[in-house]
Amino acid sequence: MKNYKRYLVTSALPYANGPIHIGHLAGVYIPSDIYTRYLRMKGLDVISICGSDEHGVPITLKARKEGVTPQEIVDRYHSINKKAFEDFGIAFDIYSRTSNKVHYETASDFFLTLYNKGEFTEKSSEQYFDEEAGCFLADRYIMGTCPHCGNENAYGDQCEKCGTSLSPNELINPHSTVSGSKPVLRETLHWYLPLDKYEPWLKKWILEDHKDWKVNVYGQCKSWLDQGLQPRAVSRDLDWGIPVPVDGAKGKVLYVWFDAPIGYISATKELTPDWEKYWKDKETKMVHFIGKDNIVFHCIIFPAMLKAEGSYILPENVPANEFLNLENDKISTSRNWAVWLHEYLEDFPGKQDVLRYSLCANAPETKDNDFTWKDFQARNNNELVAILGNFVNRTLVLTNNYYDGKVPGRGKTDSNDDSVLNEMARIKEYVETSLESFRFREALKEAMNLARLGNKYLTDAEPWKVIKTNPERVKTIMNIALQITANLTIVFEPFLPFSMEKLRGWINFNELKWSKAGNSDLLASGHIINKPGLLFDKIEDEEITRQTDKLIATKKSNEEAGAKTVPGKAVITFDDFTKIDIRTATILEAEKVPKTTKLLKLKIDTGLDTRTIVSGIAEYYAPEAIVGKQISIVANLEPREIKGIESKGMILMAEDKDGKLVMVTTSDKVSNGSTIK
RNA sequence: UGCGGGGUGGAGCAGUGGUAGCUCGUUGGGCUCAUAACCCAAAGGUCGGAGGUUCGAAUCCUUCCUCCGCUACCA
């Protein structure tokens, strides 16, 4: 393993439009915190960088919705999240923000360097422009009718009703959410980073030189590289963000994905005047902690930017985690399906380490995992209380009883003593190896094995019995139990900093050097320990029930919200209505469109003609079951090509609130082509 | 749909060719220093299904099913 002079650890910048939840913690911030705490304990030169990502369209939308400025939004969540991290002991050296002056300068300079080196290509394209407001509209600023489900409040990038992703020019009757006017297409110029140019280099750098990356990360990169990279726009027409620092770029800002990772650099600048040695010296090891949604930015785009700039180092590893679910359901901010950090601390004050422990022990390192309150309780009661807390308690109580809190001297050891002491040293190595390779779950389990070892040692040695026959021997036993306790404060420090601080206070021990772990003489004979308390408390069923009830209530209110029928549409004239040619028809043939999940190709008799219609009903109707059925169709809809088949018309379907489709038919059989009015 | 990542005892996971392992839970026993905590033992798996390669497969190949993420068809 190469030895580096210093470490630069970055954690994904949380987006400042909402609070932090357990998914963020488990995926990114707990691993990065454990890693940096460990490196610091080794006495290495390490800095941990994070901050709020404060640009981008969703923040401006949220601001508009609440009638405040974007700055107010980011100020709010920046301080909430900064505090949440502090409260949980996530020890960044700096928690900065991308609305800082130093970040504006850094990002502008970065852009200019690439610009002057001719690394960008320029291209103009047609985008929607709001003539009343006098600005270009980002996708999210355009609303209109969803061509799929008829929802009149679909956004330019996605319809939130049916989940379809859209592009603005697909919307029917698009209108600007800024002024309400109908936008027009207008030419606009943007700068692109030609990722394709870096493809050969990226292929070598990742696919050949970094085979050691986690399989999910490597696989995702390989997939992108195999498909071929496209130039990517680095600017947007928007007024919230960092202005593009060149002439003729009025009203244009850096695209948020370009500006955000540079935030790592500017935060470092803000932290130390020595920032360049962390970013530009090959002796620095840079590690990005992120979630799986961020892989492409940190493994492909940001490295390409750094490479294009030329003077920066590249990440040595990008240990991305998968996602955490909550009680079998995706965590979702908008559905309030989450455990928010600030709420957790209100319900479980002082129990940061319990959450840290259960999230790390169940971290989604190789696949999506599920957080359940029952598991949380079990981890606390059966592991933290029963194994770690109990061992510490047994040891300290016995020491106080027998020796009045004075560490007894160790006499001659027997073979069992020796093997326990050797095992202690070996556990340190295991924890270390696991941490170095970003296997935090495993590292934590190994650390817990030290407490298990201690429990077993006490039970085997039975000092409470031996004290009656051979008090000298008990001194040795208790000395060893106390050495194990002192060791626990070191190996658990990265994982459970709050509890270990408590424990160090009880045993008057403040040696936080990783190199001391495995040492069997941490507490000298005669060393005085204090009266202990309990390291962890049991969590009763009622507390867990309160949490699950809370979630059940959330689910219920979501269902009620979802059960609302689609809002009514605007009034139309009778003329409008008569334009629609609705008639009965019969399905003659039906077959599945190959390589699709939802599409059926139908041949139908409309009374006027026989025609083909492609319909997205395959999930609800089997082809053979619907041949011969009489249905209703819109006969005069503009033909459209779907998966290479021309579809002439649309079959009427009733869609209920969970998206189930049911055919609209007549109650009695009528002849094909009967009009419906 | 395409691509990526998963599917291993009740739960959560490890295990990339050589007798299937860990933590928790369960059952039985022991101990009493300890927050009914601790220690020992046992039960529990045809390693998603089906084919194949091999002396030998959870592990390699083919194919299918299924879950998650990104992506795509719903006129």
Side-chain angles (χ1 to χ4, degrees), chain A residues 146-150 162-165 170 172 214-224 226-227 291-293 295-296 320 322-323 325 330 358 361-370 372 374-375 378-379 381-387 389-402 439 441-442 444-446 448-449 451-452 454-465 467 474 477-478 481 532-538 593-600 613-619 633-634 637-645 647-651 653 655 659 661:
Chain A
C146 172
H148 160 49
C149 70
C162 63
T164 313
S165 39
E170 286 177 278
I172 302 160
K214 290 176 61 171
V215 281
N216 57 340
V217 177
Y218 187 89
Q220 180 101 167
C221 291
K222 186 167 188 312
S223 154
W224 273 76
D226 288 351
Q227 279 171 41
K292 69 172 162 186
D293 51 339
I295 290 174
V296 63
E322 303 283 299
F323 285 163
N325 293 331
K330 259 183 262 189
S358 60
N362 191 30
E365 288 182 2
T366 52
K367 62 167 191 187
D368 291 359
N369 274 352
D370 197 26
T372 63
K374 205 165 156 266
D375 179 71
R379 298 243 179 232
N381 293 355
N382 303 332
E383 298 179 27
L384 288 177
V385 172
I387 297 169
N390 187 43
F391 169 70
V392 168
N393 193 238
R394 299 169 83 180
T395 304
L396 300 190
V397 166
L398 287 174
T399 305
N400 275 303
N401 287 351
Y402 297 160
R439 294 195 302 264
R441 241 177 11 199
E442 191 176 297
L444 180 58
K445 201 169 81 185
E446 287 300 340
M448 198 47 108
N449 278 341
R452 289 193 181 94
N455 275 318
K456 184 164 161 46
Y457 177 68
L458 280 184
T459 303
D460 290 346
E462 300 183 304
W464 49 89
K465 268 189 189 167
I467 191 81
V474 173
I477 298 170
M478 290 317 299
L534 291 178
L535 210 45
F536 301 100
D537 302 306
K538 285 202 82 160
V593 180
K595 299 193 171 184
T596 66
T597 30
K598 298 185 180 176
L599 299 184
L600 287 186
I613 291 182
V614 175
S615 184
I617 57 174
E619 288 177 311
I633 62 161
V634 178
L637 199 62
E638 187 182 17
R640 175 147 175 163
E641 192 172 294
I642 299 165
K643 281 280 162 187
I645 303 162
S647 176
K648 297 170 81 175
M650 170 174 158
I651 297 179
M653 288 278 162
E655 181 181 12
L661 299 175

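Letters A, B, ... are given to chains in the order of the sequence lines, protein chains preceding strands, and every chain is numbered from 1.
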Asks: Do you know the tightest heavy-atom contact between Leu444(A) and Ala361(A)?
Replies: CD2-N, 3.7 Å
Asks: Looking only at atom C1', what distance separates A14(B) and A20(B), rounded to whole Å?
Replies: 11 Å
Asks: Write down the atom of Pro364(A), the atom of Phe323(A), and the distance for their closest heavy-atom approach.
Replies: CB-O, 3.4 Å
Asks: Find the distance between OH (Tyr457(A)) and CZ (Arg394(A)) and round it off to the nearest 0.5 Å.
Replies: 12.5 Å
Asks: Nearest 0.5 Å, please: how far is CG in Asn393(A) from CG in Leu535(A)?
Replies: 9.0 Å
Asks: Considering every strand and a 4.0 Å limit on heavy-atom distances, what is the contact class for Lys465(A): base, sugar-phosphate, or nothing?
Replies: sugar-phosphate
Asks: CG of Asp370(A) versus P of G12(B): gap in Å, rounded?
Replies: 8 Å
Asks: Could you tell me the separation between the CD1 atom of Ile295(A) and the C1' atom of C3(B), rounded to a whole number of Å?
Replies: 13 Å
Asks: Take atom CD of Glu365(A) and atom C1' of G5(B), then tell me their distance rounded to the nearest Å.
Replies: 15 Å
Asks: For Val215(A), report the nucleic acid contact type (base, sugar-phosphate, nothing); a contact means any heavy atom under 4.0 Å.
Replies: sugar-phosphate
Asks: Working to the nearest 0.5 angstrom, can you tell me the gap between Asn400(A) CG and Thr395(A) OG1?
Replies: 11.0 Å
Asks: List the atom of Glu365(A), the atom of Arg439(A), and the distance in Å for their closest heavy-atom pair.
Replies: OE1-CA, 3.8 Å
Asks: To the nearest 0.5 Å, what is the distance between OG1 (Thr372(A)) and CZ (Arg379(A))?
Replies: 9.0 Å
Asks: For C47(B), which nucleotide is its Watson-Crick or G-U wobble mate, given both distances must be under 3.5 Å?
Replies: none
Asks: How far, in whole Å, is A58(B) from C47(B) if one measures between their C1' atoms?
Replies: 4 Å
Asks: Which part of the nucleic acid, if any, lies within contact of Thr372(A), taking any heavy atom under 4.0 Å across all strands shown: a base, the sugar-phosphate backbone alone, or nothing?
Replies: nothing
Asks: Distance check needed: C24(B) P versus Arg441(A) CZ, whole Å only.
Replies: 16 Å
Asks: Ignoring backbone atoms, establish whether Lys445(A) has a side-chain N or O less than 4.0 Å from OP1 or OP2 of A14(B).
Replies: no
Asks: Have a look at Glu383(A) and say if it touches a base, only the backbone sugar-phosphate, or nothing, with a 4.0 Å heavy-atom cut-off.
Replies: sugar-phosphate
Asks: Hey, which of these two, Ala378(A) or Tyr457(A), hits RNA chain B nearer its 5' end, going by closest nucleotide?
Replies: Ala378(A)
Asks: With P as the reference atom in both, quote the distance from C39(B) to A34(B) in angstrom, rounded to an integer.
Replies: 16 Å
Asks: From OH of Tyr218(A) over to P of C3(B), roughly how many Å is that when rounded to an integer?
Replies: 17 Å
Asks: Checking Glu322(A) now: which residues fulfil side-chain hydrogen bond (donor to acceptor under 3.5 Å, both in side chains) with it, not counting sequence neighbours?
Replies: Asn216(A), Lys292(A)
Asks: Using the C1' atoms only, state how far G18(B) lies from G51(B), rounded to an integer number of Å.
Replies: 23 Å
Asks: Taking the C1' atom in each of C73(B) and G10(B), what is the distance between them to the nearest angstrom?
Replies: 41 Å
Asks: Enter the distance from Asn455(A):CG to Asn449(A):CG here, rounded to the nearest 0.5 Å.
Replies: 11.5 Å
Asks: Could you check whether Lys374(A) gets within reach of a base, just the sugar-phosphate, or nothing at all, counting any heavy atom under 4.0 Å?
Replies: nothing
Asks: Taking N or O atoms only and anything under 3.5 Å, show me the protein contacts with nucleotides 43-45 of chain B, one pair per line.
Replies:
none

Asks: Check whether any side-chain nitrogen or oxygen of Arg452(A) sits under 4.0 Å from OP1 or OP2 of C24(B), and answer yes or no.
Replies: yes
Asks: Show me the protein contacts with nucleotides 33-37 of chain B, counting only N or O atoms at under 3.5 Å.
Replies:
from: C33(B); atom 1: O2; to: Arg394(A); atom 2: NE; distance (Å): 3.1
from: C33(B); atom 1: N3; to: Arg394(A); atom 2: NE; distance (Å): 3.1
from: C33(B); atom 1: N3; to: Arg394(A); atom 2: NH2; distance (Å): 2.6
from: C33(B); atom 1: N4; to: Arg394(A); atom 2: NH2; distance (Å): 3.0
from: A34(B); atom 1: O3'; to: Asn393(A); atom 2: OD1; distance (Å): 3.1
from: A34(B); atom 1: O2'; to: Asn390(A); atom 2: OD1; distance (Å): 2.7
from: A34(B); atom 1: O2'; to: Asn393(A); atom 2: OD1; distance (Å): 3.2
from: A34(B); atom 1: N3; to: Asn390(A); atom 2: ND2; distance (Å): 3.4
from: A34(B); atom 1: N3; to: Arg394(A); atom 2: NE; distance (Å): 3.0
from: U35(B); atom 1: N3; to: Phe536(A); atom 2: O; distance (Å): 2.5
from: U35(B); atom 1: O4; to: Phe536(A); atom 2: N; distance (Å): 3.2
from: U35(B); atom 1: O4; to: Phe536(A); atom 2: O; distance (Å): 2.7
from: A37(B); atom 1: OP1; to: Lys538(A); atom 2: NZ; distance (Å): 3.1
from: A37(B); atom 1: O3'; to: Ala386(A); atom 2: O; distance (Å): 3.3
from: A37(B); atom 1: O2'; to: Ala386(A); atom 2: O; distance (Å): 3.2
from: A37(B); atom 1: O2'; to: Asn390(A); atom 2: OD1; distance (Å): 3.3
from: A37(B); atom 1: O2'; to: Asn390(A); atom 2: ND2; distance (Å): 2.9

Asks: Looking at every heavy atom in both Lys648(A) and Ile613(A), which two are closest together, and how far apart are they?
Replies: O-CG1, 3.3 Å
Asks: What integer distance in Å separates Asp293(A):CG from G4(B):C1'?
Replies: 14 Å
Asks: Look through every strand shown and name the nucleotide pairing with A20(B) as Watson-Crick or G-U wobble, where both distances are under 3.5 Å.
Replies: none
Asks: For a quick test of reading the model, state the closest non-hydrogen atom pair linking Leu384(A) to Phe536(A) and the distance between them.
Replies: O-CD1, 3.4 Å
Asks: Please state the C1' separation for the pair G49(B) and C65(B) - nearest whole angstrom.
Replies: 7 Å
Asks: Using the C1' atoms only, state how far U59(B) lies from U8(B), rounded to an integer number of Å.
Replies: 12 Å
Asks: Which heavy-atom pair separates Ile651(A) from Ser615(A) by the least distance, and what is that distance?
Replies: CD1-CB, 4.2 Å
Asks: Please report the distance, rounded to the nearest Å, between CD in Gln220(A) and C1' in G69(B).
Replies: 8 Å
Asks: For A41(B), which nucleotide is its Watson-Crick or G-U wobble mate, given both distances must be under 3.5 Å?
Replies: U27(B)
Asks: Taking the same atom, C1', in C74(B) and in G9(B), what whole-Å distance lies between them?
Replies: 43 Å
Asks: Strictly by Watson-Crick or wobble contacts shorter than 3.5 Å, is anything paired with C33(B), and which nucleotide is it?
Replies: none
Asks: Could you tell me the separation between the CH2 atom of Trp224(A) and the P atom of G5(B), rounded to a whole number of Å?
Replies: 16 Å
Asks: Of the listed nucleotides (C24(B), G69(B), C40(B)), which one gets closest to any side-chain atom of Lys456(A)?
Replies: C40(B)
